[in-house]
Amino acid sequence: TKLGRQIINSPLSIIKTSLMPNFHEAYMFDTKILNNLTLTAGHINKISFGSRAMADWGLIGEKTGTAGVGLGGKGVLFEQSGGDLEQAKFHNIGIASGNKDTGGRSIFGITYSGIKNMKTDFWVYHSYDIVTDYYTEIKYIMPITQGLKLKLNAQYLMQKDTGDALAGDRNFNLHGAKIAIGTKKWGIYTAFNKSGKKDDDRKNQEGQYFNAWGADPAYTSSIFSRNEYREDVSAYKVGGHYKIIKGVKLMMSYANYGQ
């Protein structure tokens, strides 16, 4: 059990690459119900944006609210853009999403590992009067030879507006798959994501992901792009790494988002 300011390591609450991550003011609880079944639950009241927040909102997200910061509603902006919101300061979940104060964000998750070499996760994130997110993922590891493993992953993400729908109507879905093979020394992978179809209204953002609090579970994300969270995107990514010496790793990847 954790109470107070902390980093919450869950699929929709952590940024993959950041010198200083987002912090949360929250209370979290996790327990093993059975040997292979873990329950996680908690509630976030406030969030403090890390070092990537300004780039995620402007450069990477292009102010669409899809890359990890969802500001802009009702004139709520970072100080660098003429607003009042400071990075590394704690703000109510609703304010941090560019809206008014809300009841925060509740989290519920179940992890099951009762099948050999397989792990299954299911998570629900309820952001009061904004959106509710549902995320599930399956990971399977298949040993091939001594030290060589094949990893098969599949994921599904869905988002619906809830309550007062302060971020507007939302009806987003994304699915993906990832295949990786490697050893402790090297590894290669290929990944795919597909988001829901775009409607006829160009101004309507209903079909894109409202990514206001640093989520990034998609397999095709890169340091410089998270376009798979927008409408009607077919994305793929290939990459690999090679461990040169302890603590030094060469990494390469290529991602394509089709638009």
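Across Phe172 and Gly207, no two heavy atoms sit closer than the pair CD1-O, 3.1 Å. Scanning both residues, Ala96 and Phe49, for their nearest heavy atoms gives O-CZ, 3.5 Å. The heavy-atom pair separating Thr66 from Tyr229 by the smallest distance is O-CD1, 3.5 Å. Taking each heavy atom of Gln208 and Glu231 in turn, the nearest pair found is N-CG, 3.5 Å. The minimum heavy-atom distance between Pro217 and Leu12, with the atom names listed, is CG-CD2, 3.5 Å. The minimum heavy-atom distance between Ala67 and Asn211, with the atom names listed, is C-ND2, 3.7 Å.
Here CG of Asp232 is found 6.0 Å from OG of Ser195. Values are rounded to the nearest 0.5 Å. Rounding to the nearest 0.5 Å places CH2 of Trp123 at 9.5 Å from CZ of Phe108. To the nearest 0.5 Å, the span separating CG on Asp216 from CD1 on Ile60 amounts to 9.5 Å. The CD1 atom of Ile93 sits 8.0 Å away from atom NE2 of His43, with the distance rounded to the nearest 0.5 Å. Taking NZ of Lys149 as the reference point, atom CD1 of Ile181 lies at 12.5 Å (rounded to 0.5 Å). Distance CD1/Ile47 to CD/Glu25: 11.5 Å, rounded to 0.5 Å.
Ion pairing of Arg230 with Glu62 is present here, as a side-chain N (NZ or NE/NH1/NH2) and a carboxylate O approach within less than 4.0 Å. Note on Asp133 versus Arg105: salt bridge recorded, some NZ/NE/NH1/NH2 to OD/OE distance being below 4.0 Å. A salt bridge is defined here as a Lys NZ or Arg NE, NH1 or NH2 lying under 4.0 Å from an Asp or Glu carboxylate O, and Lys100 with Asp129 fails to meet this definition.
At a threshold of 4.5 Å between non-hydrogen side-chain atoms, the residues Arg52 and Ile223 count as touching. The shortest distance between side-chain heavy atoms of Lys32 and Leu37 does not fall below 4.5 Å. Between His24 and Asn45, every side-chain heavy-atom pair lies at or beyond the 4.5 Å cut-off. The shortest side-chain heavy-atom distance between Lys243 and Trp186 does not fall under the 4.5 Å cut-off. The shortest distance between side-chain heavy atoms of Thr31 and Thr38 does not fall below 4.5 Å. Here the side chains of Tyr125 and Ser106 are not in contact, with every heavy-atom distance at 4.5 Å or above. Between Tyr189 and Lys178, some side-chain heavy-atom pair lies under the 4.5 Å cut-off.
Around NZ of Lys89, the count of heavy atoms belonging to other residues, nucleotides or ligands within 6.0 Å does not exceed 12. For Ile179, the CD1 atom counts as loosely surrounded, since its 6.0 Å shell holds 12 or fewer non-hydrogen atoms of other residues, nucleotides or ligands. In this structure, Lys194 places its NZ atom where more than 12 heavy-atom neighbours from other residues, nucleotides or ligands lie under 6.0 Å away.
The backbone N or O of Ile138 sits nowhere less than 3.5 Å from a side-chain atom of Thr120 that would complete a donor-acceptor pair. At least one donor-acceptor pair closer than 3.5 Å links the side chain of Ser222 to the backbone N or O of Ser225. Side-chain atoms of Tyr219 never come within 3.5 Å of backbone atoms of Thr190 as a donor-acceptor pair (strictly under, hydrogens ignored). Side chain of Gln6 to main chain of Ala26: a donor-acceptor pair is present (N/O by atom type, distance under 3.5 Å, no hydrogens or angles). Side-chain N or O atoms of Gln159 include one that pairs as donor or acceptor with a backbone N or O of Phe210 at under 3.5 Å.
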Review point. Under the side-chain contact (heavy atoms from CB on, under 4.5 Å) criterion, do Trp213 and Ser97 qualify, and how do the steps go?
Key: CA-CA 7 Å; Trp213 306 284; Ser97 70; 3.6 Å; yes

Review point. Stepwise, does the side-chain contact (heavy atoms from CB on, under 4.5 Å) test hold for Ile130 with Arg170?
Key: CA-CA 9 Å; Ile130 303 175; Arg170 298 285 167 169; over 6 Å; no

Check your understanding: What do the steps show when you test Lys119 against Tyr140 for side-chain contact (heavy atoms from CB on, under 4.5 Å), and what is the final call?
Key -> CA-CA 7 Å; Lys119 179 182 176 183; Tyr140 181 71; over 6 Å; no

Check your understanding: When you look at Lys237 and Ser253, which way does the side-chain contact (heavy atoms from CB on, under 4.5 Å) test go after all the steps?
Key -> CA-CA 7 Å; Lys237 183 180 180 182; Ser253 66; 3.8 Å; yes

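No chain of hydrophobic side-chain contacts below 4.5 Å, direct or via other Ile, Leu, Val, Met, Phe, Trp or Tyr residues, connects Ile8 to Ile15. A continuous path of Ile, Leu, Val, Met, Phe, Trp and Tyr side chains, each step under 4.5 Å between heavy atoms, connects Ile188 with Ile244, placing both in one hydrophobic cluster. Tyr135 and Ile44 end up in the same hydrophobic cluster when Ile, Leu, Val, Met, Phe, Trp and Tyr side chains are linked at under 4.5 Å. Met158 is connected to Phe122 through a chain of hydrophobic side-chain contacts under 4.5 Å among Ile, Leu, Val, Met, Phe, Trp and Tyr, so both are in one cluster. Note: the hydrophobic cluster containing Tyr156 does not contain Leu174 (ILVMFWY, side chain heavy atoms under 4.5 Å, direct or indirect links).
Side chain to side chain, Ser234 and Tyr257 fail the donor-acceptor criterion of an N or O pair below 3.5 Å. Of the N and O atoms on the side chains of Ser221 and Glu228, at least one donor lies less than 3.5 Å from an acceptor on the other residue.
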Distance-only criterion, 3.5 Å: show the donor-acceptor pairs between side-chain atoms of residues 110-118 and protein atoms not counting sequence neighbours.
| residue | atom | partner | partner atom | Å |
| --- | --- | --- | --- | --- |
| Thr111 | OG1 | Asp121 | OD1 | 2.5 |

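When each of Ile95, Asp164, Asn92 is checked for a side-chain contact (heavy atoms from CB on, under 4.5 Å) with Thr102, only Asn92 meets the rule.
Within the cation-pi definition used here (under 6.0 Å to the ring centroid, within 45° of the axis), Lys2 does not qualify as a partner of Tyr27.
Looking at residues two or more places apart in sequence or on another chain, you find a side-chain contact (heavy atoms from CB on, under 4.5 Å) between Tyr254 and Tyr236, Val238, Asn256.
Hydrophobic cluster membership of Phe90, counting Ile, Leu, Val, Met, Phe, Trp and Tyr whose side-chain heavy atoms lie under 4.5 Å apart directly or via other members: Ile7, Ile14, Met20, Phe23.
Ring geometry, His126 versus Tyr128: the interplanar angle exceeds 60°, so the pair is classed perpendicular (tilted spans 30 to 60°).
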